[in-house]
Amino acid sequence: MARLGVRGDRRTAEVDPIRHDDSDGSDQTVQVTGPRARRSTPEDIDTIRHSTAHVMAQAVVDLWPGAHLAIGPVVEDGFYYDFELPGGARFTDDDLGRIDERMREIIAEGQPFVREEHTVDEAMSIFADQPFKLEIIDALAGEQAATGPQRSSPSASSIPVSAYRNGDNFVDLCRGPHVESTSQLGHFRLLRVAGAYWRGDEHLPQLQRIYGTAWESEEALKDYLGRLEEAERRDHRRIGADMDLFHFPPEIGGGLPVFHPKGALIRTLLEDFSRSEHLGSGYQPVWTPHTAKATLFEKSGHLQWYADNMYPPMEMEGAEYRLKPMNCPMHILIYANRQRSYRELPMRLFELGTVYRFERSGVLHGLARVRGLTQDDAHIFCSADQLVGELESLVAFVLRVLRTFGLTEFDAELSTRPEKFVGEVEDWDIATDALRSALDVSGIPYKVAEGEGAFYAPKLDIHLRDAIGRRWQVSTLQVDLQLPQRFDLSYVGADNERHRPYMIHRALFGSVERFFAVLLEHYAGALPTWLMPTQVAILPVRDAHEVYGAEVAEECGYAGLRVEVDSADEPLGTRIRRHKLAKVPYIVVVGDEDMTSRTVGVNRRGGSKPERAVDLGAFVAMVAGEVLGRSSPEDVVVLSPDHGPREAGQRGAGPGQGGVTSSGGATR
RNA sequence: GCCUGGGUAGCUCAGCUGGUAGAGCAGCGCAUUCGUAAUGCGCAGGUCAGGGGUUCGAGUCCCCUCCCAGGCUCCA
């Protein structure tokens, strides 16, 4: 599974087996350990996955006697289980086959899952040789003691821990529920092995994790595996190589891409678009350097809080310099350069600012996670009474821009004040309420992540769903409650008093690089016409048509289209194929008939049949209109079911209208 | 950083238990001039990631290093 930026929901069903699955639905107890496993029925997919994880654990214990079991929760589309193998052994890919084989034997035996309930002491002795299980039981016992007095279940103290047994010698601490028999399983696939730390902490022992997927039927499994392949096919790194857009030279270093001519062109188009949208919406461009004295980042607090993500220092003439991990300190310096009046607010500073962040080598992932990135970054300084309005229009602005790219499905996450925070509770409430109200106005669905905000700011993350349903985080908005104080920012109000401005951080695309990756994957490389390096490929049938081909190119050029003429020294079919594979929006063929009547034969991307004898002028106007409307060839409404011979200028939506909808999945 | 899997021609890959490197595509040359997803022939291209070791002999076995991918963790 390509997991780029996709945050799978990690349910930890197994860490609190104390909440057993009474089928009376009474499991609405206080949530202690994060997201609950949803209520499950035996048919429920999560039950199948979790039971499959158990069978996997059983197989592993069979094959590696003495293996220690950690946890085996359900995750999005599947499950995993963590083990510690005897003698520090590790799984290899080949082991997956053996485990798979053993699992299928267990399934064939139709072993029943038998639920047992034990006291803490009994459980301790049953799992005496399972250190991780003991740790879990221990935690449960502590929790039990803490919540004991108000527990609702009368028998809770006597049977606080549940376990499931199947076969003669396999028992696992587990809340359940499970399917009744292993024979109800079987539509699974073990996917990969991975190292994972106990409780996700790299200071704790590293365990061996196996990921798998399981489904209720063979069709569902096949379907899922097909989706995995589709995701792989859309991988932006693959597309980037195929389309000759960018690469990551090892000579430069991990996470530092170079953009080839076509990739840089697309990038420039994205940046130009962002810039013009901002300038048209009341933002002022600024420009700041890539590096600054470390003292600046001390003052901003980055060296205190963010040093782990910063490049190491450079020394120059006795002073220590750092590459900037964020643009905000520099934008603040612009604000603070002179006294500001309330008349200047809101002041919206915008920069395509390139920042550098240290990411550990293991987390780098194509353009989605790099060590040098360009943010379409803005910092907005405003007064208290402007805050809500600014945030509302900001969210609307962000959504409008994202929709221009044919992205249609959004949701958001509002992260509120964490336990450790700076500033006044009152300010946090004002800022958080302002963000919430902006979300309410926007109409997009959101959820609140209590206590998940940064220590200095409540934040609002906007996610989008791509054509195959994956979620990507793009935009982030934060109301900063720290930096204005740290830099002692102020403005003079109408009352002639100094006031502290509010400061909003905001990256719209997130980063240009990541957004590029999202678009490539969303469109599987078949970008909307305005973003394609070659918009029209012109193919003369024979040499004799090259002069006319050049005229067609010229006409297109006048309309601002990017064209490529592919001369006739290869067979037509070969040339067509090449440009189809390159996802060129329009491939036009010009031959005898076209030369005499000034027409072209048009192959629209995504279309099945070419349209012959399309008037040249009408064709150029149509494509130019499509560029202006920022739409794709696939967007065109079918005018006449069996290919109407001419239909020019089907769409004239102005730029930035946001009305352009893309079917998104239209590419095959 | 840690775990797992990789690194053979620009790309995708083959190369069995060690015997001295191969295909398709791409590239280049020549021919082909063709109305909608691969024209033919030819040529060139590799210190098999790098270094060390075992061996008569290493792409194949062992060790170290580098790089890439999938995870863990973190976020844009």
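Nothing here was measured: the structure is a model prediction, and the numbers come from that model. By convention in this document, chain letters (A, B, ...) are assigned in the order of the sequence lines, proteins followed by strands, and residues within each chain are numbered from 1.
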Asks: What is the separation between atom CZ on A/Phe91 and atom P on B/U4, rounded to the nearest whole Å?
Replies: 12 Å
Asks: Answer yes or no: does a side-chain N or O of A/Lys609 lie under 4.0 Å from OP1 or OP2 of B/G35?
Replies: no
Asks: On the nucleotide B/C75, are OP1 or OP2 found under 4.0 Å from the side-chain N or O atoms that A/Tyr306 carries?
Replies: no
Asks: Using the closest heavy atom to pick a nucleotide of RNA chain B for each, name whichever of A/Gly573 or A/Gln375 lands nearer the 5' end.
Replies: A/Gly573
Asks: A/Ile538 has an atom CD1; how far is it from atom P of B/G35, in whole Å?
Replies: 19 Å
Asks: Given the structure, check if the side chain of A/Arg369 and the base of B/C75 hold any donor-acceptor pair shorter than 3.5 Å.
Replies: yes
Asks: Suppose we call two aromatic rings close when their centres sit under 6.0 Å apart. Are A/Phe421 and A/Phe455 close by that rule?
Replies: no
Asks: Counting only distance, no hydrogens or angles, is the base of B/C75 paired donor-acceptor with the side chain of A/Arg357 under 3.5 Å?
Replies: no
Asks: What about the rings of A/Tyr197 and A/His203, do their centers lie closer together than 6.0 Å?
Replies: no
Asks: Looking at the rings of A/Phe297 and A/Tyr306, which for Trp means the six-membered one, are their centres under 6.0 Å apart?
Replies: no
Asks: Rounding to a whole Å, what distance do you find between A/Leu364:CG and B/G70:C1'?
Replies: 13 Å
Asks: Can you tell me the pairing partner of B/U4 across any strand shown, Watson-Crick or G-U wobble, with both distances under 3.5 angstrom?
Replies: B/A69
Asks: Once hydrogens and angles are ignored, does a donor-acceptor distance under 3.5 Å link the base of B/G35 to the side chain of A/Asp594?
Replies: yes
Asks: Rounded to the Å, how far apart are A/Phe248 CZ and B/C66 P?
Replies: 21 Å
Asks: Counting only side-chain nitrogens and oxygens, does A/Gln473 get under 4.0 Å of the OP1 or OP2 atom of B/A76?
Replies: yes
Asks: Could you work out, with side-chain hydrogen bond (donor to acceptor under 3.5 Å, both in side chains) as the rule, every residue matching A/Asn603, not counting sequence neighbours?
Replies: none
Asks: In whole angstrom, give the distance that lies between atom CZ of A/Arg578 and atom C1' of B/C11.
Replies: 16 Å
Asks: So, is A/Arg90 near the phosphate of B/U4, with a side-chain N or O under 4.0 Å from OP1 or OP2?
Replies: yes
